[in-house]
Each structure stands twice: as C-alpha cells, then as structure tokens.
2 protein chains.
Amino acid sequence: MNDEKKISMAVIRRLPRYFRYLSDLIKLDIKRISSKELSERMGITASQIRQDLNCFGGFGQQGYGYNVEYLYEEISRILGIDKRFNCIIIGAGNMGNALANYENFKRRGFDITGIFDIDKRKIGSSINGIRILDINDLDDFVAKNQVDIAILTVPINKVNDVTGKITSLGIRAIWNFSPSDLRLGGDTIVENVHLSDSLMVLGYRLREKVIEKDIDKENE
Amino acid sequence: MNDEKKISMAVIRRLPRYFRYLSDLIKLDIKRISSKELSERMGITASQIRQDLNCFGGFGQQGYGYNVEYLYEEISRILGIDKRFNCIIIGAGNMGNALANYENFKRRGFDITGIFDIDKRKIGSSINGIRILDINDLDDFVAKNQVDIAILTVPINKVNDVTGKITSLGIRAIWNFSPSDLRLGGDTIVENVHLSDSLMVLGYRLREKVIEKDIDKENE
DNA sequence: TAGATTGTTAATCGATTAACAATC
DNA sequence: TAGATTGTTAATCGATTAACAATC
C-alpha cells in the first residue's frame with residue numbers, strides 16, 4: 001500500500017533547516033508565520049517553502065499562514081525527533097571524542113551507547129561517561145544491544161575492514177567521517193561527512209573571490 | 001577581462017571528490033583512465049565527468065582518456081592545493097580540539113595558526129602545539145598575522161558576537177560548525193557544516209527504510 | 001465581506017544525461 | 001588506418017519559481 005510519493009533528497013536535506021528555524025521562532029515566542037515571512041528569514045523563496053511542506057501535508061491555513069507550534073511539531077514528527085536511535089562510535093580519536101561529547105545529538109534522539117577502538121591504551125577508559133570497548137568485542141556488543149547507527153571515525157586504512165564488520169553484523173546505517181565515499185550495495189544507508197571536502201570548497205571559493213577582486217581592481 | 005564562464009556550485013562541490021579519486025588512482029599506480037572507467041569507480045556518469053572537467057579545460061585526449069598524473073595536477077591546481085591558507089579556530093571545545101588535531105588539513109594547504117577561547121582555564125595551554133589565546137586578543141593577533149579563514153566552533157549563543165568581531169576584523173571566510181545558518185551580507189564567504197542536520201537526515205532515511213520494509217512484509 | 005495566504009498547477013530554469021562529430 | 005574516447009551540442013530530467021484559484 002505504498003501510496004507515498006517519493007520525496008526528493010533536496011527536500012529531505014532542507015527539513016533540519018526548517019526544524020531549526022521553527023525552534024528559533026518558538027524561542028522568540030512567535031505564534032504564526034506566513035511562508036513569505038519565513039522565506040525572508042531563511043533566504044529561500046516562499047514558493048519553495050510551500051512546495052516543500054506540501055510534500056508531507058497541508059500544514060497551513062489560507063489567509064492565516066502557519067501556526068508555528070503546530071508546524072514545529074509536524075516537522076519534528078516527520079524527522080522522527082521523538083524516536084530514539086542507538087549509536088556506536090567506531091574510533092576513539094579526536095573526532096570520535098568530539099562527537100561523543102556533543103550533547104546536541106542526545107537532544108535530537110541519538111544516544112551514544114558504545115565507543116570502540118583498537119588501541120589497548122584507550123580501551124577501558126571512558127568518554128563522557130561512555131566506556132571505550134575493544135573493537136574485537138563488537139560482535140558480542142551488537143548481539144546483546146540494539147545498534148541502529150555506526151559512527152565511523154577511523155583512519156582511512158581501517159575503513160574497509162570496519163565497514164565490512166559493521167554490515168556483516170547487520171547495522172544498516174553509517175555516519176561516515178572518514179575521507180572515503182562509502183557506497184555500499186544492499187540496503188545500508190550512508191551519510192558521508194567529508195570535512196576536508198568542505199574546507200577545500202571554502203578555499204576554492206575564497207581564492208575565486210580574491211581573483212575576482214584583482215580583476216575589478218585592474219578595471220578601475 | 002572576466003571571460004570565465006560561471007562554474008556552478010554543483011560542479012565545485014564535486015571537485016574534492018575528483019581529487020580524492022585521482023589520489024587513489026595514483027596510489028594504485030594507474031597511469032591512464034577513461035571517463036567511463038572513472039565513472040564506474042565514482043558512481044556517476046561518464047558524461048558528467050567530461051562535462052565537469054571541461055568547465056576548466058580539455059584535460060583529456062580523444063581515443064586515450066585522461067593521464068591520471070596530469071589530471072590530478074590540474075585538479076590540484078584548480079582547487080589551489082599548492083596555495084596555503086592561515087586559519088584560526090574560535091572555540092577550543094571538543095570540536096575545536098578535534099579540528100586542531102586533524103593533520104589532513106595541513107596536507108591540503110590549511111594551517112591552523114591560532115586557537116581562541118573565552119575560558120581562562122584553557123587560555124595559555126596548547127592543542128597540537130598551537131597556543132590557545134584569549135578571544136580578547138584576537139584584534140591584536142589579526143593585526144600582526146595574516147588570517148584567511150576563521151573556523152567557528154563556539155556555542156550557538158556566542159555565534160553572533162564572534163561573527164561580528166571576525167568580519168569587522170576583515171576576515172572574509174568562515175567555516176561554521178555552529179548549528180546556525182550564517183548568511184552574511186557583503187563579501188564574506190561561509191561554508192556551513194551542520195553535523196546535527198546530517199545526522200537527522202540519516203535518521204530520517206533510516207526510519208523511511210524501516211517503514212518501507214514493514215510495508216513489504218505486509219504485502220508478502 | 002474583503003484581504004490575506006495557502007495549496008497546487010503551470011512555466012521556467014538549471015543540471016544531468018545522451019548523442020555524436022572531431023580527433024588522437 | 002581502425003578503434004577508442006574525448007569535447008561539445010542537443011535532449012531530457014528534475015528542481016525551483018511563478019501564478020492563481022481556493023478558501024480561511
């Protein structure tokens with residue numbers, strides 16, 4: 001009975017933004033908002049906002065706009081903020097450590113239930129109250145605990161091994177911080193976070209701007 | 001003499017990926033590659049690869065394909081890997097700490113030259129050999145040192161103040177890790193890295209898949 | 001009711017893919 | 001030369017924007 005129209009990735013990736021802006025509006029004690037006002041705040045068109053929201057249902061009211069609280073709750077529901085996911089971090093390096101300490105995730109429904117590493121010196125200690133376990137005990141851990149998401153913060157040379165292990169254990173979602181594109185067959189979902197890529201794009205754009213300015217100067 | 005055609009963001013954001021795949025090919029000692037072969041490795045179409053590359057010039061040769069080394073060098077040049085940027089980190093928390101320790105950035109031309117915080121207990125200590133300085137000394141630091149990029153890892157309630165300060169000091173590029181969309185007027189460039197957004201999208205997709213599977217089961 | 005603003009269809013724009021002549 | 005594969009133009013696809021009837 002799959003009568004849902006397929007929602008495009010472009011729309012899905014905007015959902016957390018709507019969520020953030022609506023949180024802000026609630027904090028500002030704003031009760032209603034039109035797509036026009038929201039579009040000005042967010043820097044996108046009102047048309048796009050109405051199109052996006054109507055992928056999921058008609059949350060507004062003609063002549064009135066959107067009730068902020070209601071829309072916030074609908075977006076939360078769509079994003080599944082109420083549902084909880086158990087996450088494990090593989091790789092207790094600097095990034096793994098930073099993520100384990102990031103309290104925002106818990107607020108959004110993501111609990112870190114375990115951290116795994118290969119380094120005997122780290123195993124047994126804790127980060128933010130979460131025990132660092134031996135990667136060799138991962139099988140055992142997964143057998144005893146529901147694990148929804150694996151957060152990958154291992155060096156690139158370990159990625160393939162770890163990915164193989166994770167998927168063979170039946171974990172079907174990976175949040176990947178290693179600088180490699182995980183494109184797994186089957187039904188494993190991957191979100192790649194490529195920090196270096198993002199920084200390189202910033203560098204590219206910055207240099208472009210400098211070049212532009214130089215050209216402007218020449219033409220003066 | 002601005003005869004460059006405007007390159008779309010979609011293309012620019014793929015450049016670091018090309019760069020990564022070409023690095024891999026060099027490591028594998030592969031000397032030449034056709035757009036077809038590369039497309040299979042990268043999971044995009046050969047057509048797109050040829051279109052993308054031809055935004056910057058004709059790097060291939062009919063009947064032969066692309067010389068890996070040469071293409072790698074051209075992409076490096078386009079991305080400005082040879083150029084260096086001085087970066088400062090604002091916010092010596094967990095994320096700031098992780099980024100300061102990330103050796104990859106230096107390899108790609110980004111040097112962390114200073115870390116700033118407001119916390120007296122942190123000021124004076126070092127991360128990865130870089131001194132943590134008082135945020136109040138930022139003006140002074142920027143006056144004495146060229147700063148190209150500010151990396152923002154401060155809590156959200158500090159973002160506006162810090163952003164104001166950064167831009168008033170003439171820093172024109174911000175790599176923003178705080179969960180707020182910096183959309184600055186003028187000619188300041190911003191790359192937003194919204195980790196929570198990325199995780200929420202993963203959560204959304206994971207739940208969607210679970211729902212799909214349940215539907216499949218019902219239909220069995 | 002009149003004014004405002006949605007939900008939705010149609011038009012536009014841009015990005016991706018296909019096709020093929022050029023050429024190595 | 002014949003085969004291969006690019007560079008590039010044209011076709012398609014999808015996403016964004018505009019328009020407006022529906023309706024609160």
Side-chain angles (χ1 to χ4, degrees), chain A residues 3-18 21-22 25 30-75 78 181 183 201 204, chain B residues 3-18 21-22 25 30-75 78 181 183 201 204:
Chain A
D3 52 1
E4 321 259 319
K5 57 245 156 264
K6 185 96 179 86
I7 313 277
S8 81
M9 257 300 173
V11 175
I12 292 167
R13 294 202 180 283
R14 278 193 292 270
L15 290 175
R17 286 193 70 212
Y18 289 120
Y21 277 88
L22 287 163
L25 290 173
I30 293 170
K31 300 297 185 196
R32 56 175 270 198
I33 194 152
S34 66
S35 57
K36 178 134 184 299
E37 287 173 288
L38 188 56
S39 78
E40 281 155 11
R41 283 177 178 270
M42 295 183 69
I44 58 178
T45 64
S47 215
Q48 181 162 70
I49 291 173
R50 294 203 299 277
Q51 286 276 24
D52 283 355
L53 297 179
N54 275 80
C55 292
F56 302 97
F59 303 134
Q61 200 165 80
Q62 282 99 328
Y64 175 88
Y66 298 88
N67 177 297
V68 171
E69 185 97 29
Y70 173 67
L71 187 55
Y72 172 79
E73 257 145 44
E74 285 299 318
I75 300 277
I78 292 161
D181 298 330
R183 281 172 303 116
V201 169
Y204 175 90
Chain B
D3 52 0
E4 320 260 319
K5 56 244 157 265
K6 186 93 180 87
I7 314 277
S8 82
M9 257 301 173
V11 175
I12 292 167
R13 292 202 181 283
R14 278 193 292 269
L15 289 174
R17 287 193 69 212
Y18 289 120
Y21 277 88
L22 287 163
L25 290 173
I30 292 170
K31 301 295 186 198
R32 57 176 270 199
I33 195 152
S34 67
S35 56
K36 177 134 186 298
E37 287 173 288
L38 188 55
S39 78
E40 281 154 12
R41 285 177 177 269
M42 295 184 68
I44 57 180
T45 63
S47 216
Q48 180 161 72
I49 291 173
R50 295 203 299 278
Q51 286 276 23
D52 283 356
L53 297 180
N54 275 81
C55 292
F56 303 96
F59 303 134
Q61 199 163 81
Q62 282 100 330
Y64 176 86
Y66 298 88
N67 177 298
V68 172
E69 185 96 28
Y70 173 66
L71 187 55
Y72 172 80
E73 257 144 45
E74 285 298 318
I75 301 276
I78 292 161
D181 297 331
R183 281 173 303 115
V201 168
Y204 175 90

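To find a chain, count down the sequence lines: A is the first, B the second, and so on, and within it residues start at 1. Reckoned from all heavy atoms, side chains included, excluding hydrogens, waters and symmetry mates.
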Q | Base-pairing string, 5' to 3', of DNA chain C - Watson-Crick or wobble, under 3.5 Å, | interstrand | A | ..||||||||||||||||||||||
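The shortest side-chain heavy-atom distance between A:Leu22 and A:Tyr66 does not fall under the 4.5 Å cut-off. Counting heavy atoms from C-beta on, the side chains of A:Phe56 and A:Ile7 come closer than 4.5 Å.
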Q: Could you walk me through whether A:Ile12 and B:Val201 pass the side chain to side chain contact (heavy atoms under 4.5 Å, CB included) test, one step at a time?
A: CA-CA 7 Å; A:Ile12 292 167; B:Val201 168; 4.1 Å; yes
Q | Trace of the side chain to side chain contact (heavy atoms under 4.5 Å, CB included) decision for A:Arg41 with A:Leu25 | A | CA-CA 10 Å; A:Arg41 283 177 178 270; A:Leu25 290 173; 3.5 Å; yes
Review item, side-chain donor-acceptor pairs of residues 42-53 of chain A, under 3.5 Å, at least two apart:
from: A:Thr45; atom 1: OG1; to: A:Gln48; atom 2: N; distance (Å): 3.1
from: A:Arg50; atom 1: NH1; to: A:Ser35; atom 2: OG; distance (Å): 2.9
from: A:Asp52; atom 1: OD1; to: A:Arg14; atom 2: NH2; distance (Å): 3.1
from: A:Asp52; atom 1: OD2; to: A:Arg14; atom 2: NE; distance (Å): 2.6
from: A:Asp52; atom 1: OD2; to: A:Arg14; atom 2: NH2; distance (Å): 3.4
from: A:Asp52; atom 1: OD2; to: A:Tyr18; atom 2: OH; distance (Å): 2.6

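A salt bridge between A:Glu40 and A:Lys36 is present, with a side-chain N of the basic residue lying under 4.0 Å from a carboxylate O of the acidic one.
For DNA chain C, the span of nucleotides reached by chain B at under 4.0 Å from its heavy atoms goes, 5' to 3', from C:dA15 to C:dC24.
Distance check: B:Leu15 CG to B:Ile78 CD1 gives 6.5 Å after rounding to the nearest 0.5 Å.
Nearer the 5' end of DNA chain D, as judged by each residue's closest nucleotide, is the contact made by B:Gln61, out of A:Gln51 and B:Gln61. Projected onto DNA chain C by closest heavy-atom contact, B:Arg14 and B:Tyr64 fall at different nucleotides, the more 5' of which corresponds to B:Arg14.
Side chain of B:Arg32 to backbone of B:Gly65: no donor-acceptor contact under 3.5 angstrom is found.
Counting non-hydrogen atoms under 4.0 angstrom, B:Ser47 reaches a base of the nucleic acid.
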